[in-house]
Amino acid sequence: MIDPKVIREKPEVVTEALRKRGAAFDIKQVLDLDEKRRSLIQESEKKKSEKNELSNEIAKLRKSGADASDKIEHLRTLGKSIETLEQELRVVEKEWDDAVLVIPNIPHSSVPEGSGEEDNQVVKVWGEKPVFDFEPQAHWDIGEKLDILDFKRAAKITGSRFILYKSFGALLERALINFMLDLHTREHGYTEVLPPFMVNREAMTGTGQLPKFEEELFKLDGLDYFLIPTAEVPVTNIHNNEILKEDDLPIKYVAYTPCFRKEAGAHGKDTRGLTRLHQFNKVELVKFALPENSYDELESLLLDAEDVLKKLNVHYRVSALSTGDLGFSSSKTYDIEVWLPGQNIYREISSCSNFDSFQARRAKIRYRKGSGKVDLVHTLNGSGLAIGRTVMAIMENYQTQDGAIVVPEALRPYVHGMTKFPS
RNA sequence: GGAGGGAUGGCUGAGCGGCCGAAAGCGGCGGUCUUGAAAACCGUUGGGCGUGCAAGCGCCCCGUGGGUUCGAAUCCUACUCCCUCCGCCA
């Protein structure tokens with residue numbers, strides 16, 4: 001949620017920000033509701049003040065044994081009119097809430113303006129495309145030949161867009177999870193957490209998935225619980241409704257979780273391979289930072305994520321998303337895109353974002369400053385990295401002419417010292 | 001799944017339906033004393049919203065939502081969560 005005071009006092013700033021995102025929005029409606037809301041609050045609070053005063057007078061009269069029946073009668077009618085006002089207020093507040101909760105975040109001033117993906121700016125390139133003296137294969141072909149990725153049987157067990165990893169495939173997935181968790185905890189100072197994989201509606205609203213994107217989520221039958229689409233949701237909500245200590249910031253968590261997504265808008269897109277599944281594994285980095293340095297924290301979070309690919313020695317580039325491609329809750333996002341020689345494309349493997357105070361305001365995550373004042377923290381997160389997409393990057397970048405996969409050196413301790421599969 | 005008990009401020013823990021947003025202790029912060037520290041003593045110490053340039057003023061919050069009442073932390077009710085015991089289970 002963006003600051004209601006900003007909406008009220010600088011509606012043109014909000015309108016302009018939303019225009020950059022390509023999102024049309026009727027700010028007038030929100031302003032009207034806000035106006036209505038505040039005048040109702042003032043009206044009812046005035047009456048409540050009267051009510052409190054009267055109530056005290058009655059108490060005093062009662063204590064002295066005097067008669068208070070006319071005052072009681074007055075209070076009775078006052079109470080009725082307060083109730084009416086409160087009812088009106090509740091309706092207006094709900095409408096206002098509904099309107100405000102679907103407004104996306106304001107992009108940071110450093111975000112390149114653009115209408116979509118095509119306007120993203122490549123800001124870094126690391127390594128280079130590997131040269132093959134044969135035609136590199138896509139990971140789904142390699143995986144099938146080696147019998148380590150079994151899409152057919154996954155479809156039989158569940159349906160399309162699921163994967164059954166076998167033998168070295170399963171081992172590689174597990175190795176990468178452990179490798180990344182170790183890297184981030186031991187070298188980058190993150191605290192490991194293992195959160196629930198289902199969350200309630202409040203948590204989903206706190207990070208911005210709800211109310212706008214319910215159709216993207218798997219919901220449990222008969223319970224108001226959802227399968228998490230990313231660890232961002234349970235991990236960010238660790239501190240919802242809390243006031244943190246300034247000295248404890250930044251707080252840095254790393255979590256491995258599976259992620260569940262309906263991919264509702266992606267029919268027919270990326271249907272082959274590990275690219276777009278309903279269930280995939282991810283190691284996620286989450287930070288709670290001070291407002292004054294959260295954009296620096298984003299840069300270091302990005303470096304922490306990049307470090308995984310550097311250690312695995314896989315070529316990638318980093319793009320700053322344009323205003324038109326920015327996610328709903330984000331104020332600034334970098335995507336790390338890994339090179340996939342088997343498909344001859346760059347593919348997103350991590351998305352690192354600063355949410356500014358957008359999520360903190362929704363989830364009520366605050367901190368106490370040295371001065372004693374309370375303020376919203378800034379929340380950040382980024383994949384560090386998506387596991388399935390890392391598996392496919394390794395398979396495609398480390399393939400050999402005879403259809404084997406070389407194990408990146410950094411990963412060997414995690415696969416019992418294997419250097420190659422099949423060995 | 002069955003039977004009980006509980007939920008109050010950063011923590012512990014009082015609280016008769018009417019100055020209770022809430023005692024007391026601990027902790028935190030500031031000060032006195034001290035070369036410094038500790039101890040002692042004094043003071044201070046929740047959040048949200050509305051209004052205002054500000055100081056301030058007002059409203060709301062005792063797990064959450066309803067209800068009773070002129071008035072609810074206190075009574076009733078539903079729900080949620082926690083604890084103990086039994087059953088079942090990884």
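We name chains A, B, ... by the order of the sequence lines, and we start the count at 1 in each one.
Atom P of nucleotide B:rC79 and atom CG of A:D224 are separated by 17 Å, given to the nearest angstrom. A straight line from CG of A:L75 to P of B:rG18 spans 16 Å, rounded to a whole angstrom. A:K60 places its NZ atom 16 Å from the C1' atom of B:rC70, with the value rounded to the nearest Å. Between A:E202 atom CD and B:rG63 atom C1' there is a gap of 12 Å when expressed in whole angstrom units. The interatomic distance linking A:N241 (CG) with B:rC81 (C1') rounds to 14 Å, in whole Å. Atom NZ in A:K47 sits about 15 Å away from atom P in B:rG71, given to the nearest Å. If you measure from atom CD of A:E83 to atom P of B:rU69, you get 11 Å, rounded to the nearest angstrom. Distance CG (A:L223) to P (B:rU80): 10 Å, rounded to an integer number of Å.
With respect to the salt-bridge test (charged N to carboxylate O, under 4.0 angstrom), the residues A:R8 and A:D3 do not qualify. Salt bridge annotation for A:E187-A:K311: present, with a cationic side-chain nitrogen under 4.0 angstrom from a carboxylate oxygen. Ion pairing between A:D307 and A:K310 fails under the 4.0 Å rule for side-chain N and carboxylate O. Ion pairing of A:D141 with A:K145 is absent here, as no side-chain N (NZ or NE/NH1/NH2) approaches a carboxylate O to less than 4.0 Å. The pair A:R38-A:E45 fails the salt-bridge criterion, with no side-chain N (NZ, NE, NH1 or NH2) lying under 4.0 Å from an Asp/Glu carboxylate O. A salt bridge is absent between A:R90 and A:E93: the closest approach of a Lys/Arg side-chain nitrogen to an acidic carboxylate oxygen does not fall below 4.0 angstrom.
The gap from the P atom of B:rC26 to that of B:rG43 amounts to 14 Å, rounded to the nearest Å. Taking the P atoms as reference points, B:rG71 lies 15 Å from B:rC19, given to the whole Å. Nucleotides B:rC16 and B:rA3 are separated by 30 Å at their P atoms, to the nearest Å. As rounded to the nearest Å, B:rC11 and B:rC85 have C1' atoms that lie 29 Å from one another. Annotation: B:rU32 and B:rA38 have their C1' atoms spaced 15 Å apart (nearest Å). The same atom, P, is picked in B:rA22 and in B:rC62; the two are 13 Å apart, to the nearest Å. B:rA78 and B:rU68: their C1' atoms are spaced 15 Å apart (whole Å). Comparing B:rG50 with B:rU44, their P atoms sit 29 Å apart, to the nearest whole Å.
If A:E73 and A:R62 are placed on RNA chain B by their nearest nucleotide, the residue sitting closer to the 5' end is A:R62. Nearer the 5' end of RNA chain B, as judged by each residue's closest nucleotide, is the contact made by A:R90, out of A:R90 and A:I72.
In the displayed structure, A:K36 atom NZ is contacted under 6.0 Å by at most 12 heavy atoms of other residues, nucleotides or ligands. The number of heavy atoms from other shown groups lying within 6.0 Å of CD (A:E299) is above 12.
Between the side chain of A:T191 and the backbone N or O of A:Y253 there is no donor-acceptor pair closer than 3.5 Å.
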Going 5' to 3' through nucleotides 48-61 of chain B and flagging B where a protein heavy-atom sits under 4.0 Å of the base, S where only the sugar-phosphate is that close, and - otherwise, we get SSSS------BBS-
Output field dot_bracket for RNA chain B (Watson-Crick or G-U, both distances under 3.5 Å, | for other-strand pairs) contains ((((((((.[[[..)..(.....]]]((((((.......))))))((((((....)))))).[[[[[..)....]]]]])))))))....
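Taking only side-chain nitrogens and oxygens, A:R368 comes nearer than 4.0 Å to OP1 or OP2 of B:rG47.
For the residue pair A:K287 / A:S300, a side-chain donor-acceptor distance below 3.5 Å is found, with atom types taken as modelled.
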